[in-house]
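Report on one structure; see the data block that follows.
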Number of protein chains: 2
Amino acid sequence: MDQLFTATGFDDPGSGPLYLQLQRRIAEAIASGRLSPGSSLPAERDMAAMTGLSRVTIRNAIQALVASGQLVQRRGSGTFVAQKVERLEQALSLLTSFTEDMSRRGKSVDSQWISRMIGAPAPEEVMALGLGADEHVVRLERVRRSDGLPLAIERASLPTTVLPDPGLVEGSLYLTLDTLGMRPVRAVQRISAANLGPRDAELLGVSPGVAGLRIERIGYLATGRVVEFTRSLYRGDAYDFAVELKLAPEGQAK
Amino acid sequence: MDQLFTATGFDDPGSGPLYLQLQRRIAEAIASGRLSPGSSLPAERDMAAMTGLSRVTIRNAIQALVASGQLVQRRGSGTFVAQKVERLEQALSLLTSFTEDMSRRGKSVDSQWISRMIGAPAPEEVMALGLGADEHVVRLERVRRSDGLPLAIERASLPTTVLPDPGLVEGSLYLTLDTLGMRPVRAVQRISAANLGPRDAELLGVSPGVAGLRIERIGYLATGRVVEFTRSLYRGDAYDFAVELKLAPEGQAK
DNA sequence: TAGTGGTCTAGACCACTTT
DNA sequence: AAGTGGTCTAGACCACTAA
């Protein structure tokens, strides 16, 4: 960190904007390990003094690194190199719950409940769950953590006819459904990517704008009845989903 | 747009930072349609004069909307509301190529080649393709577009023993492999989310930092031989991947 | 209380696009 | 040539955290 923030080497003409030059310097220092995870950077005002740049320029350089999750800023405290997050991989070919998936690979799992409630369904929920008039839904909203690290936000909606009481779910949702004879045997998922909003980012402990994996799942019983409608948001830097694809059988091709 | 940028209504105490208040105003105007896709916003200096805020604050408000793809800025030209992008959905259960997938739903497909070359494999490629010593790889890099809109960047690597000449691929890679008797029947994909870097964002016509869907695929012949290693980056706002999951058969459970 | 990041300002010059 | 976004500065006050 000693010669990282010097005034030397900032020659505008060839190397682009100053804030990008500084950003590159810091990114390389992190990648090379010269700045190790958890270590703190100098205060913004100090960096400005050391480099001869203005504080606004310093902030501009830092901003992208915060947005991409490489740095973390805490007001009143400082700027720090983010902890490395081990990237987990989930097989998508099998229908397993978060809890089962994690414990299979020896990770601890816990949930931080945000809300558990019964209410009138939103139009989106009526559609997804195929609800009749005056049917109600149970909503379970929680942050899923593994080894203490927030990995995903899970927002599940189920008809009260499937899950009468949200208090029944403690750990695994699928385990609870199992005991009720309501475990889905089939599910359809839609996967997309989106920048995390401020609220979701805070729940996951990352900066707003970081890329997240958004997954919508509708689970079915063997009878074809819909039992769950779950919207999850995974940290993009912490999760891989693996899928195995097969060629369509000749007769089935369309 | 007439009363969108007035000085009224910016009372700090209750509503948070000024730039967030303005950002919210603009986002709502876009969502409600008062600002329609393609229409231009006033120049930053004009917005500053109209609202009584400084230009820096205006830029701060606009920045997040640009980062999330709702606005587009063009130097020397202006700030515009982004065109709406129809969200496409791809079934992941079947092994199909981009070209086949798109034409099945009646979209035009074209590719913009970035490079087609033969070279020595990178370590990553040796790993994925299971290459021997002095085997070479064909690299195909292109931007995939549908109806003229860039949707994905595709970077494919194949052993020269599978595809001797990159010039053989014009449209669909899988169609070309088909004629060579080298079409994969099975593939494994890994899906994750990442913020797009400046180069990839430019190729896709979005702003750096926008969330993208990253997909790595390894394709196998019936014999088990690896034929392709493809890394793709999809626009997160334009693509959904759909997957159907099934419960593990009892006997196969582990 | 001292130090940190968060916000905000007024003004400046540059690079680019449009006319 | 005029207008636009892109970059940069010096200085200020606020909100939060830590000792």
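Naming convention: chains lettered A, B, ... in sequence-line order (proteins, then strands); numbering from 1 in each chain. From a predicted model like this one, the values you see are computed outputs, not experimental measurements.
For the OP1/OP2 pair of D:dT9 and a distance below 4.0 Å, the side-chain nitrogens and oxygens of A:R55 include no atom meeting the criterion. Applying the 4.0 Å criterion to OP1 and OP2 of D:dT7, one finds that A:Y19 has a side-chain N or O inside that range. Listed pair A:Q73 / C:dG6 meets the phosphate criterion, a side-chain N or O lying under 4.0 Å from OP1 or OP2. Neither OP1 nor OP2 of D:dT17 sits under 4.0 Å from any side-chain N or O of A:S77. Contact annotation: B:T57 side-chain N/O to C:dT7 OP1/OP2 distance is not under 4.0 Å. Listed pair B:R59 / D:dG6 meets the phosphate criterion, a side-chain N or O lying under 4.0 Å from OP1 or OP2.
Checking A:E154 against A:S232 by side-chain atom types alone, no donor-acceptor pair falls below 3.5 Å. Neither side chain, A:R139 nor A:S157, offers a donor N or O lying under 3.5 Å from an acceptor on the other.
The CZ-C1' distance, from B:R75 to C:dC16, rounds to 6 Å in whole Å. For B:L71 and D:dT4, the CG to C1' distance is 15 Å, given to the nearest whole Å. Atom P of nucleotide C:dG3 and atom CE of A:M47 are separated by 17 Å, given to the nearest angstrom. One atom, CZ of A:R45, and another, P of D:dG11, lie 13 Å apart when rounded to the nearest Å. We find that CG of B:L18 is positioned 17 Å from P of D:dC13, with the value rounded to whole Å. Atom P of nucleotide D:dG6 and atom CD1 of B:I62 are separated by 9 Å, given to the nearest angstrom. Atom CZ of A:F80 and atom C1' of C:dG3 are 12 Å apart (whole Å). Going from atom CG of B:N60 over to atom P of D:dG5 covers 16 Å, rounded to whole Å.
Between A:D46 and A:R55 no salt bridge is recorded (no basic side-chain N to carboxylate O distance below 4.0 Å). The pair B:R155-B:E125 does not meet the salt-bridge criterion, since no charged nitrogen lies less than 4.0 angstrom from a carboxylate oxygen.
Using a 4.0 Å heavy-atom cutoff across all strands shown, A:R74 reaches sugar-phosphate atoms only and no base atom.
Across D:dT4, D:dT9, C:dG5, the shortest atom-to-atom separation from the side chain of B:D46 is found for D:dT4. For A:E44, taking side-chain heavy atoms from C-beta onward, the closest of the listed nucleotides D:dC8, C:dG5, C:dC13 is C:dG5. Of the candidates C:dT9, D:dT9, D:dG5, the closest approach to any side-chain atom of B:L53 belongs to C:dT9.
The aromatic rings of A:F98 and A:Y234 lie tilted to each other, with the angle between the two planes from 30° to 60°.
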